[in-house]
Structure formats: C-alpha cells, structure tokens
Amino acid sequence: MEQNKSYFSEIVDGVKTLATGMKVTLKEYFTPKSTEQYPENRKTTLHVASRHRGRLVFKRNEDGSYKCTACTLCEKACPNGTIKIVAHMDEDPETGKKKRVLDDYQYDLGDCMFCQLCTNACNFDAIEFTNDFENATFERESLVLHLNKEVYEGGSLPNLIDGGAPLTIGKFNTKTK
C-alpha cells in the first residue's frame, strides 16, 4: 500500500515543479531568437534537399518526348487514386503491332501522399518527384496537373532541382529579434 503524503509536502512538491517550469520559461525568454526571412530572401538563401518530394513530373527524352508508355503500373500502385491515365490502343505503322498510346496523364497534387510508390512501380523510369514545394493555390482544380501536356522547366526558385541555394551549415539568413 502506498504511503500517503502530508498536505504540506504536496504543496512543497507543487512549488518545486512550478519553479522548474518557470526556470525553463525564463531561460528561453532571454535567449536571442532568429527568424528565417521567407519569402523575401528565398531565392538566395533557401536550401531544399534534393531528395525532397514536392511534385511529380514526367522525365523527357532528348527530343522532348516523354518516356511514359501508358502501362498504368503507377496508377495501380497509387494507394489513393491520385493518378488517372487515359490511353487507347493504336497500331504502330513501323512494326504493325498494337501498342498503348497515352491520351491524358492526370495527377492530382492536392490528393498525393508523396509516398513515391508510383515512381518505384514505373519500369520505364518515366516519372520522378522534384523538390519543388511552392504549390500553394486558391483553387483545388489548379492542383490537378496533366503531365503529358506540360513540360516542367523547374520551380520558381533558381537551381531548385539542384537544391536551391548552397547549404552552409551553421549560417542562416536570419534576423535576430
């Protein structure tokens, strides 16, 4: 059976706990704060990891054509139906064989979980995630992208695909308050 503490020892324990909390609060109050100046200085100081998953894009060949063969493996691998592929069968004039031709590759950025299952399932290395993270918009409809109809040239930041600004450890573009 537990020992019952006296009324006064409970008050002393409460005051000790309060003093410990106040000590931490006062210490944090007097330490200098720093603020990253975003979005004003994002073009010169913001570093984004190159492996960050920001949005899905088509990989292109040297001639600008996309590598997607409309096999729908990425659509089947997507756990929440973010990708919708519309394709039709067409006869190849060179070989005479039928093959799938991509009509529309619809990617809903607003529903994407960024799990990368689609890129892992793609046997043709046709899609990849870039580290472009600035996708804010006022309408959800503008988050539905048609990847076969757009050519991704990079994000709004210079050298974003390479990580943006160079990473310097221990130095930030900050403003001390």
Side-chain angles (χ1 to χ4, degrees), residues 35-174:
T35 305
E36 183 72 29
Q37 298 301 310
Y38 179 87
E40 292 85 16
N41 297 334
R42 72 181 188 273
K43 292 187 190 282
T44 57
T45 61
L46 183 65
H47 178 78
V48 181
S50 59
R51 66 181 180 211
H52 173 75
R53 299 178 199 152
R55 66 170 282 191
L56 192 67
V57 296
F58 265 177
K59 287 185 176 180
R60 302 279 176 165
N61 295 322
E62 291 81 25
D63 61 352
S65 63
Y66 49 81
K67 298 179 179 182
C68 182
T69 61
C71 66
T72 69
L73 285 174
C74 57
E75 181 180 20
K76 292 172 186 168
C78 184
N80 60 347
T82 298
I83 299 171
K84 292 179 181 57
I85 297 175
V86 178
H88 70 278
M89 294 300 285
D90 199 11
E91 190 172 320
D92 189 9
E94 297 170 358
T95 60
K97 295 180 180 179
K98 288 192 173 194
K99 70 176 209 173
R100 292 178 64 94
V101 177
L102 181 66
D103 292 330
D104 189 27
Y105 192 102
Q106 185 176 337
Y107 166 62
D108 191 351
L109 180 64
D111 286 343
C112 186
M113 296 188 318
F114 307 102
C115 62
Q116 205 169 4
L117 291 174
C118 55
T119 58
N120 294 340
C122 183
N123 290 332
F124 302 98
D125 195 31
I127 54 177
E128 70 176 342
F129 275 99
T130 65
N131 56 355
D132 188 3
F133 66 94
E134 291 185 327
N135 298 309
T137 181
F138 288 107
E139 301 91 24
R140 279 187 63 82
E141 295 82 33
S142 61
L143 291 175
V144 177
L145 307 172
H146 301 276
L147 298 185
N148 60 322
K149 296 180 175 99
E150 71 173 29
V151 177
Y152 182 75
E153 297 291 336
S156 57
L157 298 175
N159 303 323
L160 181 67
I161 295 174
D162 300 326
L167 177 64
T168 53
I169 307 248
K171 184 177 180 204
F172 300 100
N173 180 24
T174 57

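Worth knowing before you read on, the calculation uses all heavy atoms, side chains too, and leaves out hydrogens, waters and symmetry mates.
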For the [atom1] atom of [X] and the [atom2] atom of [Y], what is their distance to the nearest 0.5 Å?
X      : Y      : atom1 : atom2 : answer
Thr69  : Lys99  : OG1   : NZ    : 8.5 Å
Ile127 : Tyr107 : CD1   : OH    : 9.5 Å
Leu56  : Cys112 : CG    : SG    : 7.0 Å
Arg140 : Asp111 : CZ    : CG    : 5.0 Å
Thr119 : Leu73  : OG1   : CG    : 12.5 Å
Phe114 : Arg55  : CZ    : CZ    : 10.0 Å

**Q.** Leu102 side chain near Tyr66 side chain, heavy-atom distance below 4.5 Å
**A.** yes

Q. So do the side chains of Tyr152 and Leu145 get within less than 4.5 Å of each other, counting heavy atoms only?
A. no

Of the non-hydrogen atoms in [X] and [Y], which two are nearest, and what is the gap between them?
X      : Y      : answer
Phe129 : Gly54  : CD2-N, 4.3 Å
Lys84  : Glu75  : CA-OE2, 3.6 Å
Ile83  : Cys118 : CD1-CB, 3.7 Å
Asp125 : Cys122 : N-SG, 3.5 Å
Arg60  : Lys67  : O-CE, 4.2 Å
Ala87  : Ala70  : CB-CB, 3.7 Å

Q: Assess whether side-chain contact (heavy atoms from CB on, under 4.5 Å) is satisfied between Cys74 and Ile85, documenting all intermediate values.
A: CA-CA 9 Å; Cys74 57; Ile85 297 175; 3.7 Å; yes

Q | Test log, rule side-chain contact (heavy atoms from CB on, under 4.5 Å), inputs Met89 and Arg100 | A | CA-CA 5 Å; Met89 294 300 285; Arg100 292 178 64 94; 3.3 Å; yes

Q.
Test your reading of the model: is there a side-chain donor-acceptor pair from Asp63 to the backbone of Ser65, 3.5 Å cut-off?
A. yes

Q | Salt-bridge criterion met for Lys149 and Asp104 (N-O under 4.0 Å) | A | yes

